[in-house]
Amino acid sequence: MGGLSIWHWLIVLLVIVLVFGTKKLRNVGEDLGSAVKGFKEGMRSEEEPSKQIKDGGQTIEGEVKDKKTTNV
């Protein structure tokens, strides 16, 4: 009584396909997949610098200044 059966889900899926069309749904799926892939790659690249620090890597910070010469 409280749950939806498989027939309810099939009718909902059919209505969604009729409203949006298969091409639009395919494009949404591709966009979602590429977004998830980009997120995973971003998380993986975040982990790599922290591994370098644990392996004994060093970060050297400094400031570059322009050397200006003036003729008086």
Side-chain angles (χ1 to χ4, degrees):
M1 292 238 147
L4 296 176
S5 69
I6 188 71
W7 294 109
H8 290 106
W9 288 114
L10 288 175
I11 292 171
V12 168
L13 181 63
L14 179 67
V15 169
I16 290 173
V17 168
L18 288 174
V19 169
F20 293 108
T22 56
K23 186 176 181 182
K24 183 139 185 141
L25 290 175
R26 187 177 336 126
N27 290 341
V28 169
E30 289 175 0
D31 291 343
L32 182 63
S34 64
V36 170
K37 185 178 179 181
F39 178 75
K40 285 182 180 180
E41 289 176 1
M43 292 300 292
R44 192 174 312 129
S45 67
E46 281 278 325
E47 293 173 359
E48 289 175 3
S50 64
K51 289 180 184 176
Q52 291 175 353
I53 292 172
K54 290 179 184 176
D55 293 338
Q58 287 184 322
T59 303
I60 300 173
E61 294 185 22
E63 185 176 333
V64 177
K65 295 183 180 180
D66 290 333
K67 186 174 182 180
K68 296 182 180 179
T69 57
T70 57
N71 293 333
V72 180

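When reading the values below, keep in mind they use all heavy atoms of this one structure, side chains included, and skip hydrogens, waters and symmetry mates.
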Phe20 and Val17: same hydrophobic cluster, using ILVMFWY side-chain contacts below 4.5 Å?
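Linked within one cluster.
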
Rounded at 0.5 Å granularity, tell me how far CG in Asn27 sits from OG1 in Thr22.
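Going from the CG atom of Asn27 to the OG1 atom of Thr22 covers 9.5 Å.
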
Residues which pass side-chain contact (heavy atoms from CB on, under 4.5 Å) with Ile6, listed by chain and number, not counting sequence neighbours:
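Expected list: Leu10.
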
Here's a test for you: under side chain to side chain contact (heavy atoms under 4.5 Å, CB included), which of Leu18, Val12, Val19 qualifies with Val15?
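The single option meeting the side chain to side chain contact (heavy atoms under 4.5 Å, CB included) with Val15 is Val19.
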
